[in-house]
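Atoms within each ligand, like the ligands themselves, are counted from 1 in listed order. Side chains included, hydrogens not; waters and symmetry mates left out as well; all remaining heavy atoms used.
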Amino acid sequence: MADGAENTAGSRVVLLGPPGAGKGTQAQVLCEHLGVPAISTGDMLREAVADGSELGGKVQGIMASGALVDDATMAEVVRERLAKPDALKGFLLDGYPRTLPQAETLAGILREAERQLDAVLLVDVPADELVRRTLLRGRADDQEDVIRERLRVYREKTEPLIGYYRERGLLLEIDGNRPVEEVTAGMLGLFGGA
Ligand code: B4P
């Protein structure tokens with residue numbers, strides 16, 4: 001893993017995987033291990049909806065339907081967040097990028113800052129288990145038809161990122177179809193902290 005001298009290895013990491021794979025669950029532990037903030041675009045958008053901000057008003061219906069918020073809006077959200085002081089030393093991105101244009105946007109933001117990604121962790125889980133977990137979670141967008149739509153969108157728009165990051169030598173794969181602690185241990189092992 002290559003990076004600037006003042007940064008620890010693995011400090012700019014993306015969590016990739018289908019909805020309900022457990023990205024958010026794992027991010028909470030992994031960010032402490034890496035000493036960087038966990039940045040969840042899903043959480044940021046849900047906060048915007050809860051606050052009744054202009055952004056929240058724009059994205060509420062989109063999220064409820066299982067569709068993706070447009071790339072230009074997400075670029076603004078992420079650019080602003082990554083410019084905050086706590087993200088300068090690194091970050092764990094959970095839920096961004098989700099499309100090839102978003103991956104290019106992230107690469108551009110990092111290039112401007114003379115930084116680069118260290119790793120992309122793919123958390124993989126079979127579709128039936130994803131539906132089971134998300135129904136149990138019971139968030140506003142966790143009805144079965146919406147979950148199926150989010151999975152369809154994932155396959156169409158997000159799965160191409162697997163090849164994109166594999167070609168760039170950044171992809172690390174984790175079997176997410178195991179108890180939470182085992183998935184965590186597998187991830188920490190990749191970063192030398194199991
Ligand atoms: P997100 O908030 O990113 O939601 P997610 O992918 O469904 O969840 P995650 O994989 O983090 O699963 P979790 O840990 O909660 O996105 C929501 C919406 O926001 C999107 O649909 C989209 O509209 C919008 N959005 C966000 N980012 C965007 C972007 N970049 N571009 C455009 N739109 C964007 O785990 C799920 C459940 O499983 C939990 O209940 C958990 O307890 C359980 N679980 C976790 N690990 C488990 C394990 N190992 N075993 C059993 N259960 C487990």
Which atoms of ligand 1 sit under 4.0 Å from any heavy atom of Gln102? 29 (C), 30 (N), 31 (N), 32 (C)
Below 3.5 angstrom, do we get any N/O pair linking Arg46 and ligand 1? yes
Numbered atoms and elements of ligand 1 in range of Pro19, under 4.0 angstrom, heavy atoms: 5 (P), 6 (O), 7 (O)
Compare all side-chain heavy atoms of Asn177 with those of Pro126 and state whether any distance is below 4.5 angstrom. yes
For atom 23 (O) of ligand 1, the protein heavy atom that lies nearest, with its residue and separation: Ala67 O, 2.7 Å
So that I can tick it off, tell me whether Arg46 and Asp43 are bridged by a salt bridge, with the cut-off set at under 4.0 angstrom between side-chain N and carboxylate O. yes
Nearest non-hydrogen protein atom, atom 36 (C) of ligand 1: Arg137 NH1, 3.6 Å
Under a 4.0 angstrom heavy-atom cut-off, which atoms of ligand 1 come close to Arg133? 38 (O), 44 (N), 46 (N), 47 (C), 48 (C), 49 (N), 50 (N), 51 (C), 52 (N), 53 (C)
Report yes or no: do Glu149 and Tyr154 form a side-chain donor-acceptor pair below 3.5 Å? no
Any ion pair linking Glu144 and Arg148 (charged N to carboxylate O, less than 4.0 Å)? yes
To which protein heavy atom is atom 11 (O) of ligand 1 closest, and what is the distance rounded to 0.1 Å? Gly24 N, 2.8 Å
Partners passing side chain to side chain donor-acceptor pair (under 3.5 Å) against Glu129 (at least two apart in sequence or in another chain): Arg132, Arg133
Just distances here: any N/O of Ser40 and N/O of ligand 1 closer than 3.5 Å? no
Under 4.0 Å from one or more heavy atoms of Met74, ligand 1 contributes atoms 28 (C), 29 (C), 30 (N), 31 (N), 32 (C)
For the 3.5 Å polar cut-off, considering only N or O atoms, please tell me whether Asp141 and ligand 1 meet it. no
Heavy atom of Thr134, distance to ligand 1 below 4.0 Å: no
May I ask you to check if ligand 1 and Thr41 share an N or O to N or O distance below 3.5 Å? yes
Would you mind running through ligand 1 and noting each atom that sits below 4.0 Å from a heavy atom of Pro18? 10 (O)
I need the Ile174 CD1 to Leu122 CG distance, nearest 0.5 Å. 9.0 Å
About how many Å separate CG of Leu121 and CD of Glu173, when rounded to the nearest 0.5 Å? 10.5 Å
Subset of ligand 1 atoms that lie under 4.0 Å from at least one heavy atom of Thr25: 13 (P), 14 (O), 35 (O), 41 (C), 45 (C)
Min over Arg150, Glu149, Arg178 of heavy-atom distance to atom 21 (O) of ligand 1 lands on Arg150
Any donor-acceptor pair under 3.5 Å linking the side chain of Arg115 with the backbone of Arg111? no
Does the distance from a Lys or Arg side-chain N to an Asp or Glu carboxylate O, for Glu112 and Arg79, drop under 4.0 Å? yes
Can a side-chain donor-acceptor contact be found between Ser11 and Lys89 if the only test is distance below 3.5 angstrom? no
Between Arg150 (side chain) and Asp141 (backbone), is there a donor-acceptor pair under 3.5 Å? yes
Any N or O on Leu68 sitting closer than 3.5 Å to an N or O of ligand 1? no
Sub-4.0 Å heavy-atom contact, Pro179 with ligand 1: yes
Which residue supplies the protein heavy atom nearest to atom 19 (O) of ligand 1, what is that atom called, and how far is it? Met63 CE, 3.3 Å
Below 4.0 Å from ligand 1: does a non-hydrogen atom of Ile62 turn up there or not? no
Pro97: heavy atom below 4.0 Å from ligand 1, yes or no? no
Closest non-hydrogen atoms of Ala103 and Tyr165, given as atom of the first, atom of the second and distance, are CB-OH, 3.6 Å
Would you say that Leu92 contacts Leu15 through its side chain, given a criterion of any heavy-atom pair below 4.5 Å between the two side chains? yes
Between Lys84 and Asp86, is there a side-chain N and carboxylate O pair less than 4.0 Å apart? no
With side chains defined as the heavy atoms from C-beta onward, is the minimum distance between Leu117 and Leu110 less than 4.5 Å? yes
Is there a heavy atom of Ala27 sitting under 4.0 angstrom from any atom of ligand 1? no
Nearest non-hydrogen protein atom to atom 26 (C) of ligand 1, with distance, is Arg98 NH1, 3.3 Å
Please check whether Lys23 reaches ligand 1 - meaning an N/O of the residue sits under 3.5 Å from an N/O of the ligand, judged on distance alone. yes
Write out the residue and atom name of the closest protein heavy atom to atom 33 (N) of ligand 1, then the distance separating them to 0.1 Å. Val69 N, 3.1 Å
Contact between ligand 1 and Met44 is defined here as a heavy atom of the residue under 4.0 Å from a ligand atom; is it met? no
Establish, for the pair Arg168 and Tyr164, whether the NZ or CZ atom is under 6.0 angstrom from the six-membered ring centre and no further than 45 degrees off its axis. yes
Apply side chain to side chain donor-acceptor pair (under 3.5 Å) to Gln102 and list each qualifying residue two or more places apart in sequence or on a separate chain. Asp71
How far is atom 30 (N) of ligand 1 from its nearest protein heavy atom, and which residue and atom name does that atom have? Gly95 O, 2.9 Å
Taking distance alone, with no angle check, do Gly66 and ligand 1 share an N/O pair under 3.5 Å? no
for atom 25 (N) of ligand 1, nearest protein heavy atom and its distance come out as Leu45 CD1, 3.5 Å
With a 4.0 Å cut-off on heavy atoms, is Arg139 touching ligand 1? yes
Any non-hydrogen atom of Ala21 lying under 4.0 Å from ligand 1? yes
